[in-house]
Q: 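Quick one: structure below, then a few questions.
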Amino acid sequence: MSAKVVAGGNEKWEAVIGLEVHVQLATNSKAFSGSAVQYGASPNSLTDPTVLALPGALPVFNEEGLRLAMRLGLALGCTIAKHSRFARKHYFYPDQPAGYQISQYDEPICEGGFVPILEEGVRKNIALTRIHLENDAGKNNHVGPRSLVDLNRAGVTLCEVVSEPVLRSAREAADYMRSLRQIVRYLGVSEGDMEKGQLRCDANVSIRPRGEDTLGTRSELKNINSFKFVHQAIDHEIARQICVIESGERVVLETRLWDADAGISRSMRGKEEALDYRYFPDPDLPPLEVSDETIESIRSALPELPLDARERLMGLGLSADDAAQLSSECSMLEYYDATLAHAGDVKHAKLAANWICAELLGELKRLEKGIGESPLEPARLAGLLRLIADDTISGKIAKGILPKMLESQEEARDIVEREGLGQITDTGALEAVVDELLAKNPKQVQGYRGGNQKLLGFFVGQVMKATGGKAKPQVVNELLRAKLGAE
Ligand code: ADP
Ligand code: MG
């Protein structure tokens, strides 16, 4: 295969991508029964008559899943259906004992909406078709010639986020996945851990001649479980389709499986059409009805989303990198906002960002702690920042104080007082030090006055040494310039 793919196609062909992302919702028990949800439990220990689809077992919907799906839908600007319902989607697979999956078909819980991504720093909204609720299947584990079925995952609540076919490159698709993962984590609707299969992506890919509006025939890539593979699998598929079409053949509607080890996709089966699934409303489950009040109470409890936070922080004067880092996780943003609130003045916004991003995160990494577990609370960090801002201590001295604050419950000002670290800003006191130094170093004084301006640095260094680094550099510089230039 040799077709070259540059940013989603080539000069002649444009790629069209739509993603179906399954998000495992953070409910404690399964969607339609009371079995616990837990990763890594011993196989088939988390089952019950409903999960096993034993005759007579009836599903009862766990409404926590509905609340989480609505929270996600509202955050993404979807319209919430006040009336939606579950349907049976029939297909046979050993890891699905009922012979059908409970999903939503013609009446999903959410419609429309978008996932925001950043394209070279500019926000772009990727349109969604819908978000619907469904239950997960179990897992087939292939061990040598045998296949073992583990039903621990069967019945877990999922929501499927379906995008419109509007993504144009593998990179956009990966950015979309990253943004979606960040949002589900912010909202606490899912842990979003791809390695644990809590976020799984099927990518639908087609190509068409550039400038064409109609969609080409797509293939669907299953089994993509990392950001890297999203990128690789889609690029590979675009190149494969270009080769197929340019060699005079046609792309067939099919499901392909991404083989991450081999770096290729393989045809798995012809793609089912909706008709093959024989959808019909599940007679065991009542329709889902939600009131305006419920929708509004979920909407009003939404947190600020990562890209909005990023823009707000940049509005405070932070660099794009700092703003992105501080809005990358909810706990990070909360820490930053709390620090700034305690610092008591938004003009400390950049100072707080620098200290958290450049210093505190480094210290926490050394201690192997996340920002949420920081032994230094926002209020005490703000105390340190205030001392820097009002010139009580230099940044350099503050760097020495920070680790001490992480190891104790002490306030910055107590450490400064106890260790006598306050900056010397008193001109009179510094003048005496400067005079003594000039008297001791007549040669250098002469050199400076003879035109060697670099000797200023020598004197500044000497004053710093004499004062244990506590002299305020600005005052020292002014004094030295005045005295050395005087004769
Ligand atoms: P299913 O795959 O379950 O049969 P849909 O027909 O709703 O369901 O399509 C699912 C996904 O495929 C959506 O994300 C949609 O944007 C995408 N899609 C549909 N047609 C194309 C196409 N021609 N090229 C690329 N993506 C497509
Ligand atoms: Mg599909």
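Side-chain atoms are counted along with the backbone in the values below, which use heavy atoms only and exclude waters and symmetry mates. Remember, it's 1-based here, ligands and their atoms both numbered in the order they're listed. Fair warning: this is a prediction, and the values are worked out from it, not measured in the lab.
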Q: Quick one: which ligand 1 atoms are inside 4.0 Å of a heavy atom on Glu164?
A: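 This gives 16 (O) as the contact atoms.
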Q: Could you check whether Gln104 and Ser84, counting side-chain N and O atoms only, form a donor-acceptor pair closer than 3.5 Å?
A: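 Ser84 vs Gln104: donor-acceptor pair found between side chains.
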Q: Please determine whether a side-chain nitrogen of the Lys or Arg among Glu359 and Lys399 lies less than 4.0 Å from a carboxylate oxygen of the Asp or Glu.
A: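 Salt bridge flag = yes for Lys399 with Glu359.
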Q: With heavy-atom distances below 4.0 Å as the criterion, list the atoms of ligand 1 near Leu215.
A: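 By the 4.0 Å cutoff, the relevant atoms are 23 (N).
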Q: Counting heavy atoms only, name the option from Ser206, Gly18, Ser163 that's nearest to atom 13 (C) of ligand 1.
A: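 Result: the heavy atom closest to atom 13 (C) of ligand 1 is in Ser163.
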Q: Which ligand 1 atoms, with their elements, are less than 4.0 angstrom from a heavy-atom of Pro165?
A: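 Taking each heavy atom of Pro165 in turn, ligand 1 has 16 (O), 26 (N), 27 (C) under 4.0 Å.
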Q: Given the side-chain rings of Tyr105 and Phe86, with only the six-membered ring counted for Trp, is the space between their centroids under 6.0 Å?
A: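 Between Tyr105 and Phe86, the centre distance exceeds or equals 6.0 Å.
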Q: Count the heavy atoms of every other residue, nucleotide or ligand shown that sit under 6.0 Å from CZ of Phe280, and state whether that count exceeds 12.
A: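 Enclosed.
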Q: What atoms of ligand 1 come closer than 4.0 angstrom to any heavy atom of Gly216?
A: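 So the atoms of ligand 1 that pass are 23 (N).
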Q: Does Arg256 come within less than 4.0 Å of Glu220, counting only side-chain N to carboxylate O?
A: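 No.
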Q: Under a 4.0 Å heavy-atom limit, does Leu19 contact ligand 1 with its side chain, its backbone, both, or neither?
A: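 Backbone only.
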Q: Give the atom numbers and elements of ligand 1 that come within less than 4.0 Å of a heavy atom of Val162.
A: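 Checking each atom against Val162, I get 13 (C), 14 (O).
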Q: Using a cut-off of 6.0 Å, state whether more than 12 heavy atoms not belonging to Glu195 lie near its atom CD.
A: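 Counting other residues, nucleotides and ligands, CD of Glu195 stays at 12 neighbours or fewer.
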Q: Using a 3.5 Å cut-off on N or O atoms only, is Glu20 in polar contact with ligand 1?
A: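 For ligand 1, there is an N or O atom that lies under 3.5 Å from one belonging to Glu20.
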Q: Who gets closest to atom 18 (N) of ligand 1 by heavy atom: Arg130, Arg218, Glu220?
A: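 It is Arg218 whose heavy atom sits nearest to atom 18 (N) of ligand 1.
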Q: How many angstroms lie between atom CG of Asn141 and atom OG of Ser147, to the nearest 0.5 angstrom?
A: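 Output value for this atom pair is 8.5 Å.
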